[in-house]
Amino acid sequence: VLLVYIISIKSKIDQMYFEYKNNILNWYGVNLKNITRKVDELLLKEYNYEGPYYLYSESLLNDRLSRFKNIFRKSKFYYSVKSLSNIYILKRVKKFENFGLDVVSGAEILRGLSAGFSGEEMVYAGVGKTSHEIELGLEHKLKSFHVESISEVRQIERISRKNGVVARITARLNPDIGVNTHHYIKTGIEESKFGILPEEMKQLYDIVTHSPYIELSGLQVHLGSQIMSSAPFFKALKFLQKNASIAEKELKKEIEYLSLGGGFGINYKQYMKGKPLKEFPLEEFAQKLNEINNSPWRIDFEPGRFISAPSGVLVSNVLYIKQRQKTGIVICNAGMSDLIRPALYSAFHPILSMEIRSNKKRKYDIVGPICESGDFFAKGIDLPVIDEGDKLIVGFAGAYGSVMGSNYNSRPFIPEILVSDNEIEVIRRPQSGTDIFQYELNI
Ligand SMILES: Cc1ncc(COP(=O)(O)O)c(C=O)c1O
């Protein structure tokens, strides 16, 4: 059964994310010219809006979530809300029974509740939880606080004791395991701000042993993002198992689960060379994990990008083109306030013309309208000749895209649209110019 399942998943993996049919870009079966025309009309009619927007595909989102179904025996999954947090996206995640939420702030708890999740279905990570956020988490009986320092454990214990409730915690350990990824997204190395070092755990055991208001449910690590191979996860699993044995001995109590965090990667660049999408070998990893894991602890995960990145694109219009000696400078109506990843991490995103109208190619810099020279999506890329007024699609923009948007240059947050079976739904309306400064008035 597992083999049949893996084969059926494999055929889905090979499905093209982007392909041109009659020179029109199709995205996972959706004709982007037809859809964007409808979306443009709707946004103009309803909101008098003509700017860029994020477009999400429900079938892609469902297919990515389905990949986690059945293949990991007994695991639970907590979708990383921060990667793409729109409530309507979370409502879609809710349809998958094996999924809860991994939240990182009080407001993300509120988002989860609004989407229909209970506190029991949420784990709460983050190095700087405030007492207000801890109160909120306790009030909603969160599945677990993923604690990141001894001081935080003390603070949670103080608050749960004051409220006469029991807080469940999971220690996020810093395993000092390096992974081959961008330095900003390596989170499991000793020098990073995340996690508790194993040698500090004695203090945590002391607090838990001496208080009836706090209990340890699990141990967790998160190594980083964009991890492309299984090896670091197996290394981390060994590390967790060793520490779980120690914890059970120290506390004379069983631990419920070990969590390997998120970080399953996708290589957006490889895909543009006409090769199939290269991504973390999820099914192979699951199979191996099922074979080797005979330890008593359930193994949970917190995937984000693997689900959300392919599920969204950024749609923008070309405003102006300037010709320079070597390249054409294409100025779009979307910029780093809408998608900051290229400026922040030098992240690569595929840029595709929505419609190819020429066999000729030119070299282009694709830039935004913001007053910053770092405001670009790509430099020196070859694209079929572009005209002013054309649409450009920024691919794999679902994860850490809209959620990292800002109002820099007093640019409003752009709308988010969900496409399901060729129906379109505005799941975030465009912010207006006056929305931006409303908090600065009548204080
Ligand atoms: C604790 C934790 N879990 C899960 C994730 C999700 O990571 P990704 O989107 O790479 O899967 C993150 C992201 O930084 C994280 O910090």
Side-chain angles (χ1 to χ4, degrees), residues 61 64-65 67-68 72 75-86 89-90 93 99-105 108-109 112 121-129 133 137 142-149 152 169-175 177 179-189 192-196 217-230 232-233 236 240 257-268 279-282 285-286 299-312 340-341 344-345 347 349 396-404:
L61 185 68
R64 300 301 293 187
L65 284 158
R67 297 269 294 275
F68 291 88
F72 289 92
S75 289
K76 288 195 174 162
F77 300 96
Y78 295 90
Y79 168 70
S80 175
V81 172
K82 69 169 169 279
S83 73
L84 170 56
S85 61
N86 187 297
I89 298 291
L90 301 185
V93 176
F99 267 88
L101 300 180
D102 167 39
V103 298
V104 291
S105 69
E108 282 196 352
I109 297 175
E121 295 170 295
M122 294 183 214
V123 295
Y124 181 6
V127 291
K129 302 175 189 82
E133 289 174 315
L142 294 193
K143 165 85 186 156
S144 188
F145 289 87
H146 284 192
V147 295
E148 304 234 14
S149 64
E152 182 193 336
I169 62 164
T170 291
R172 174 173 180 174
L173 288 170
N174 183 322
I177 295 176
V179 287
N180 187 15
T181 190
H182 189 283
H183 196 63
Y184 283 12
I185 50 180
K186 282 180 194 173
T187 55
I189 50 176
S192 92
K193 70 177 177 180
F194 299 102
I196 298 174
S217 345
L219 297 182
Q220 191 259 16
V221 293
H222 172 73
L223 300 174
S225 217
Q226 286 290 45
I227 300 168
M228 301 302 287
S229 75
S230 310
F233 285 103
L240 283 178
Y257 68 92
L258 306 179
S259 169
L260 285 170
F264 303 132
I266 303 179
N267 184 334
Y268 313 151
E279 57 184 5
F280 179 83
L282 191 72
F285 172 59
I299 299 171
D300 293 353
F301 295 93
E302 299 150 12
R305 180 196 311 271
F306 198 81
I307 294 162
S308 49
S311 305
I340 200 176
R341 299 189 68 258
L344 186 62
Y345 309 119
H349 281 270
F396 296 97
Y400 308 102
S402 132
V403 289
M404 283 197 185

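All heavy atoms count here, side chains included; hydrogens, waters and symmetry mates do not. All values reported here derive from a predicted model rather than from experimental measurement. Counting convention: from 1, in listed order, for ligands and their atoms alike.
A heavy-atom separation below 4.0 Å is not found between Tyr78 and ligand 1. Residue contacts with ligand 1 include Gly263, since one or more of its heavy atoms lies under 4.0 Å from the ligand. Using a 4.0 angstrom heavy-atom cutoff, His146 does not count as in contact with ligand 1.
Residue contacts with ligand 1 for Glu302 involve both N, CA, C or O and side-chain atoms from C-beta outward (heavy atoms, distance under 4.0 Å). Looking at Tyr400 against ligand 1, only its side chain comes within 4.0 Å, counting heavy atoms. Under 4.0 angstrom from ligand 1, the non-hydrogen atoms of Arg172 all belong to its side chain. Of all the heavy atoms of Ser225, the ones lying under 4.0 Å from any atom of ligand 1 are found in both the backbone and the side chain. Looking at Val104 against ligand 1, nothing comes within 4.0 Å, counting heavy atoms.
The shortest N/O to N/O separation between Lys82 and ligand 1 falls below 3.5 Å. Geometrically, ligand 1 and Gly304 share a nitrogen or oxygen pair separated by less than 3.5 Å.
A cation-pi arrangement is found for Arg64 relative to Phe306, the charged atom lying closer than 6.0 Å to the ring centre and inside a 45° cone about the ring normal.
For Phe301 and Tyr78, the gap between ring centers reaches or exceeds 6.0 Å.
Residues Glu108 and Ser85 have side chains that never bring a donor and an acceptor to within less than 3.5 angstrom of each other.
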